[in-house]
Structures are given as C-alpha cells and as structure tokens.
Amino acid sequence: MRSPVLPLTWHLARACGRRGLQSHLLSAAAAAAGALVLLTLLAAYLGSGTRADRTAWRTPDAVAAQQATAVQTLGTTYVDHRPVTVVSLAQLPNRAATPAPPGLAHFPAPGRTYLSPALAELMRELPATRLANRFPTTSGYGTIGEAGLASPEELVAVIGRAPTDPAITRAAEGSALDALAARARVDGFSGTGPSPFTSFDQQAALFGGALLVVPVIVLASAAGRLGAARREQRLAALRLAGATPRQILAMTAVESAAVGLVGGLLGAVVYTLLVPLLARVPYGIGTWYAGQLWVGLPWLLVVVAAVAALTSVSAVTTLRGVARSPLGVAQQADPRRTRLIRLVLFVAIGLYVAVTAHGDGLSTGQTLALIVLVYGAFWTLGPWVVDMLGRLLSRFARRPATLLAARRLSDDPRGAWRTVSGLVLAGLVAGFFTVGQVGLVGYDYRGQVAVRAEHGDVRELAVRARGLLTEAGVKARVETADADVYDGILVGDEGIVAHVRGGQEQLDTASTALSSLSPGNLPFTQDYVNAEGDTTTRLIGEMGLAVLALGFLVAAASAGLTAAATVLDRRRVYALLRLAGTPLKVLDRARIRETALPLVVLAGGTTATGIYGGIKVSEMFHLEPDASGAVRLAFCVALGTATMFAALAGSRPLLRKVTAERAQEAD
C-alpha cells in the first residue's frame with residue numbers, strides 16, 4: 001500500500017498559505033546562514049592546514065649521506081618587521097639529479113635566485129641597500145610559483161649555490177629552540193615540519209571553530225523550530241483526525257528536511273560565490289590563494305546534508321506534545337514548563353569544568369571539550385532561567401506590557417530563549433577574546449643587529465662589520481659577544497652585535513650591509529628572537545576578531561529570523577489582543593521586554609564565563625591579560641545590544657501587518 005505521507009506533505013505545503021510560505025522562507029534563510037558559516041569555518045580549518053603543508057618543504061629532513069643528492073639550508077631574515085625565508089640549495093656532485101622544489105620548474109643552478117612575487121615587488125619598492133643587496137645573483141631572478149608559497153604576500157627566496165660555497169658549509173644547523181634556521185643533506189623536498197609562521201594556524205582555526213560551532217548549530221537547528229507553533233496546530237488537527245504519530249513525525253521530518261536542504265544548498269552557493277572575497281581576508285602570514293579555501297564537493301555535500309538533517313531532527317523534537325496530547329496542543333492548554341534538573345546539570349557541569357581548568361597541561365582536545373561543555377551548560381540552563389524570570393516578573397508586574405512579557409516568558413521559555421540564545425552565546429565569545437586577545441612580553445633588543453660567528457675570529461668580524469656599516473652610511477657601535485653570555489640577543493652564541501642609531505630603515509640597511517659578514521649566518525634583530533611569540537600573539541588577535549565578527553553575525557541572523565518567526569507564530573494571539581483593544585505600542589513594548597530581560601541576565605553570566613575562559617587559555621599559552629580589554633568588551637556589549645534591538649525593530653512592520661489582519665487565515 002502506498003504511503004500517504006509524501007502526497008499529504010506536498011498538499012499541506014502547497015496549501016499552507018502566505019504566512020506558511022513566509023515561515024518556510026525564514027527557516028530556509030536560517031539554514032542557509034548556518035551552512036554558510038559552517039563552510040567558512042571548515043574552509044579556514046582545511047585551508048590553514050594546506051598552507052602549513054606548503055611550507056614544509058623548506059625545512060629539510062635529513063637523509064643518510066649515501067642517499068643524499070643535495071644540501072639544503074634554511075635561514076630567516078627580516079625587513080620592516082616582515083620575515084623573509086631564505087632557502088639555499090646545492091646539488092652534490094656525482095649524485096642523481098635532485099627534483100625541483102615546489103613552485104620551481106628546475107633545481108636552481110649555482111648563482112640562480114628565485115623570488116616570490118611579493119618579495120620581488122618589495123625589492124623594487126625599497127632601496128637596494130635596504131633589501132635587494134642581500135640576494136646577489138649572476139643570472140637574474142626567477143619566480144617561485146604558487147605551489148611553493150603559503151600566501152600571496154609571503155616573502156621567500158630560493159638561492160642556488162655550489163656545495164663548497166661557505167653559505168652552505170658554514171650555515172647554522174638549527175635546533176629545537178631555533179626553528180628558523182636549519183641545514184641538512186636531502187634527496188627531495190618531502191619535509192614534514194611546517195614553518196613556525198604557519199604551524200599554529202590550523203590549531204588557532206580549530207579553537208575559533210570550537211567557539212563558534214555551537215552558536216552555528218543552534219542557528220541551523222533553529223531553522224527546524226521556526227514556525228513550530230503553526231506546525232503543531234496543523235499536525236494536532238491531523239492527529240485528531242486519525243493520523244498516527246509515525247505519520248505525523250514522518251511528515252514533519254520530510255517537510256523540514258526539504259526546507260533545510262534548500263537553505264543548505266543556498267548557503268553552499270553563497271559560500272562558493274564568496275570564496276574569492278574570503279581569500280582577501282588576512283590570517284596569519286597573509287591572505288589566501290582562493291583554492292586553499294575551497295573545501296571540495298564532498299565536504300560541501302556533507303555540510304548541506306548535515307544542515308538538512310539538523311533541521312529535520314530539530315523540527316521532529318518539537319512534536320512530542322502533538323504525539324502525546326494533540327487535544328491539549330490544539331487548545332494550547334499545555335504551558336511549556338521547565339524543570340529544576342536543568343539547574344542541577346548546570347551546576348554539575350560548571351564544577352567539573354572549574355576543577356578541570358585548574359589542572360596544568362590541558363591538551364588541545366581537552367580544552368575544546370571544556371569549551372563545548374560550557375556551551376552545553378548554558379544551553380541547558382537558559383530556558384530554566386527564562387521560565388523563572390517570567391514567573392518572578394508576573395508577581396511584580398505593574399504595567400500591561402510587563403505583564404504580557406512575563407506571561408509569554410512563562411508560557412514558552414524555550415521559544416524566548418531561542419530568540420536571545422545567539423547573542424547570549426556570542427557574549428561568551430566576546431568575554432573570551434576581550435581578555436584572551438593579549439600580547440606576549442617578548443625580549444627587548446631594540447636597535448640591535450646580531451650576527452653569529454660559526455667560524456672565524458670574532459674580533460676580526462667586528463673590524464669588518466664596522467667597515468661594512470661605515471661604507472653603508474649606518475651609524476652604529478659594534479661589540480663582540482662571547483659564548484658564555486646568555487642575557488643578550490645572541491643567547492649564548494659567539495658573534496658580534498651592532499647597536500644601530502636611527503629607525504627601522506637604518507636597521508634594515510645594517511642587516512643588508514652585514515648579510516655577507518658570516519656566510520650562512522644571516523643577520524637578525526629582535527624580530528627573529530621573538531618570532532614564535534609574535535606570530536602566536538598576532539594569530540590569536542586576528543582569530544579573535546574573526547570569531548567576534550562571525551559570532552555577532554550569527555547572533556544577529558538568529559535574533560532577526562527568530563523574532564520574525566515568533567511574530568508569525570503568535571499572529572492569532574496578537575490579532576485577538578488587538579481586537580480586545582490592546583494598543584500596538586503595548587504589544588511591541590511587551591515583545592521588547594520579553595527579549596531584553598533574559599538577554600541582560602543571561603548575557604552577563606556568559607560574558608563573565610568567557611572572561612574566565614580567556615584568562616585560563618592565556619595562562620596555558622603563558623600570556624598576560626590585556627588591561628585594555630574592558631574597552632573592547634564595552635564595545636562588544638554595545639554592538640550586541642544594538643544588534644538585538646535592530647533585529648526587533650526589523651520585525652516591527654511584520655507585527656503591525658499581522659495584527660492588522662482581523663480574520664484568521666486558514667493553514
């Protein structure tokens with residue numbers, strides 16, 4: 001026997017009327033926004049991994065001497081605080097030809113230098129004494145292709161040398177404490193160690209995704225709950241007419257999945273169109289190549305299917321009342337109370353998280369799990385707090401608008417919570433990053449340029465350094481440093497230190513003048529010493545701003561769509577109140593108070609929790625809290641408040657139109 005579910009679902013969808021179509025459109029818009037943000041987060045995570053992989057070839061993985069075909073060195077220098085990665089390659093004689101490194105068509109011959117497009121452009125912009133003279137060549141410059149670069153702005157040079165060149169034989173070996181320099185015999189470029197400038201990118205993206213994934217899932221699941229009241233009324237009538245609970249659930253699942261699928265596909269299309277624009281957003285070492293942010297068709301379909309499934313499951317879970325008591329739903333006789341167990345669960349989860357966070361050495365997975373638990377705790381507690389607020393407010397209400405708001409909070413606390421949940425969870429993110437976006441206290445060696453002396457006499461190097469600096473027109477005082485001095489810029493290495501007078505331009509000129517002083521040992525400044533800390537700090541700051549922006553975008557979308565859908569769901573109640581003589585202004589004030597009260601109470605709690613989480617994560621990375629975070633926090637709170645009232649104001653015309661319709665429409 002053919003199932004009547006699909007034909008009946010299609011018939012009801014076609015006969016749902018204009019208001020029903022509006023609810024479907026709102027649900028599809030929520031699903032589209034959820035899919036768009038999920039795909040953006042996934043693109044950032046996968047793309048940062050791809051970028052890190054593209055830098056791995058520069059750090060040589062040593063092979064046995066008999067197997068080696070070339071010698072590779074890695075060095076790093078700075079210009080205008082920007083790192084320049086320098087890779088030197090030398091083909092060993094009487095060995096098999098070494099394959100070309102990524103981004104190059106051939107293995108570089110001695111004297112041949114390849115530059116990234118950004119480095120070539122910067123060399124044309126700056127005087128040669130400041131940058132270009134660091135890369136002498138006898139046969140012109142080649143170009144490094146996209147395959148060898150992590151970002152279009154990356155500064156990279158690949159230099160071909162002879163195996164007996166001092167720049168190869170005297171290059172620094174590097175160590176675990178100095179990942180910006182290395183030397184090894186190689187037979188290819190299948191390195192596994194990404195550059196320190198990209199190695200933390202994916203981990204930071206994962207943290208950002210963990211902070212945003214719950215609000216995004218909430219938004220996507222809200223797509224299935226928009227128009228829930230209208231759907232319950234309609235299905236309760238069918239249930240009373242003889243439909244079985246299984247048929248009711250199947251009809252809801254099919255209808256919601258179709259809406260979620262349409263919304264998910266729309267979000268996927270928007271994401272595809274936005275990829276070139278998203279690629280311009282800087283993150284870590286720079287902007288992206290568009291291909292790095294393309295998640296691929298399989299992931300695209302997985303996200304769309306996940307959004308459709310989430311929408312369907314969310315809609316089905318709202319129908320327990322219809323299956324259990326269709327008459328009560330039809331008469332709206334079942335106030336949706338919450339239970340005290342929500343508070344008990346919140347306290348239990350809070351204690352567990354607080355005790356666990358005090359422990360040392362939390363792994364990335366444990367930290368992410370704690371973040372998800374905190375989200376879950378607030379999501380569990382939210383409806384209960386809204387219910388309690390409604391009951392308390394109804395006892396002391398003195399104005400009609402306040403009394404109406406209190407009744408609505410008590411009658412449907414979950415619905416009121418869904419309206420504010422996006423901004424409440426965004427408050428958690430804002431509190432986290434206004435404190436967690438901090439600066440690492442690095443070493444202060446301002447005005448110093450150092451050169452290690454791996455070989456040769458240090459005093460002789462100092463004499464030569466003074467001559468090179470004088471010839472370049474740089475005023476500096478040159479000192480020697482012994483190997484037993486650990487509180488200087490050379491940190492226990494033997495070499496020379498030039499104290500340069502003047503600004504950054506003079507420092508760059510000094511670095512260029514001293515680049516040939518000790519072959520294989522590039523001059524460096526405090527930027528080199530603080531590279532890892534500065535990279536991490538800058539990355540956390542950029543990730544924090546991105547998470548805040550996306551968090552408030554998600555919250556605004558969630559609040560606006562939910563507010564509009566709520567007006568549609570309650571249009572019969574609003575219309576009856578207008579017929580009874582209630583002014584539209586009173587209804588609008590009640591709607592605002594119904595949203596503002598739980599927002600103030602719950603957002604305060606989540607913001608405080610976010611601040612606590614930011615302090616703990618800062619401690620994990622040995623960072624110090626930022627005193628200026630209060631200003632950013634005030635800005636975020638003001639932005640969130642403005643977003644909420646803008647969302648409510650956006651649905652005010654719909655409220656006016658709905659309440660103007662005196663006759664009830666048939667669903």
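Values below: every heavy atom of this structure, side chains too, minus hydrogens, waters and symmetry copies. If you read the sequence from its start, that first residue is 1, and numbering goes on from there.
For the pair V87/P101, no side-chain contact is recorded, criterion being any heavy-atom separation below 4.5 Å from C-beta on. Side-chain contact between T512 and V79 is absent, with no heavy atoms from C-beta onward closer than 4.5 Å. Annotation: side chain of R112 is not in contact with side chain of Y141 (no heavy-atom distance under 4.5 Å). A heavy-atom distance below 4.5 Å is not found between the side chains of V158 and T113. When side chains are defined from C-beta on, L46 does not count as touching W294, because their heavy atoms never get closer than 4.5 Å. A 4.5 Å side-chain heavy-atom check between L297 and L300 finds at least one atom pair inside the cut-off.
Counting only residues at least two apart or in different chains, salt bridge (Lys or Arg N to Asp or Glu O under 4.0 Å) contacts with residues 195-212 comprise R51-D201. The ring-ring contact (aromatic ring centres under 6.0 Å, His included) analysis of residues 64-110, with sequence neighbours excluded, yields no pairs. Residue pairs meeting the ring-ring contact (aromatic ring centres under 6.0 Å, His included) criterion with at least one partner in residues 508-551, sequence neighbours excluded, are F524-Y528. Screening residues 101-110 for salt bridge (Lys or Arg N to Asp or Glu O under 4.0 Å), with sequence neighbours left out, gives no hits. Residue pairs satisfying the salt bridge (Lys or Arg N to Asp or Glu O under 4.0 Å) criterion with at least one member in residues 154-166, sequence neighbours excluded, are listed as follows: R58-E154, R161-D165.
Within a 6.0 Å sphere centred on CD of E125, other residues, nucleotides and ligands contribute more than 12 heavy atoms. Around CH2 of W299, the count of heavy atoms belonging to other residues, nucleotides or ligands within 6.0 Å does not exceed 12.
Here the side chain of T198 pairs no donor or acceptor atom with the backbone of P194 at under 3.5 angstrom. Counting only distance, with no hydrogens or angles, the side chain of Q202 and the backbone of Y45 share a donor-acceptor pair below 3.5 Å. Within the 3.5 Å criterion, the main-chain N or O of R452 finds a donor-acceptor partner in the side chain of S518. A donor-acceptor contact shorter than 3.5 Å is absent between the side chain of Q292 and the backbone of G47. Remark: side-chain polar atoms of R134 are not paired, donor with acceptor, to backbone N or O of A513 under 3.5 angstrom. One N or O on the side chain of R466 and one on the backbone of V478 form a donor-acceptor pair closer than 3.5 Å. At distances below 3.5 Å, not a single donor-acceptor pair connects side-chain atoms of R464 with backbone N or O atoms of R459. Panel note: side chain T535, backbone F197; no donor-acceptor pair is recorded below 3.5 Å.
The two residues T55 and A150 make their nearest non-hydrogen contact at CG2-CB, 3.6 Å.
Qualifying side chain to side chain donor-acceptor pair (under 3.5 Å) partners for R130, counting only residues two or more places apart in sequence or in other chains: D508. Applying the ring-ring contact (aromatic ring centres under 6.0 Å, His included) test to Y283 and every residue at least two apart in sequence or in another chain returns W288. Among residues two or more places apart in sequence or in another chain, the ring-ring contact (aromatic ring centres under 6.0 Å, His included) test is passed with W57 by none. Not counting sequence neighbours, T40 has no partner by the side chain to side chain donor-acceptor pair (under 3.5 Å) test. Residues that satisfy the salt bridge (charged side-chain N to carboxylate O under 4.0 Å, His left out) test with R82, not counting sequence neighbours, are absent from this structure. Under the rule for a side chain to side chain donor-acceptor pair (under 3.5 Å), the partners of S151 that lie at least two apart in sequence or sit in another chain are E153. Every residue two or more places apart in sequence or in another chain was checked for a salt bridge (charged side-chain N to carboxylate O under 4.0 Å, His left out) with E121, and none qualifies.
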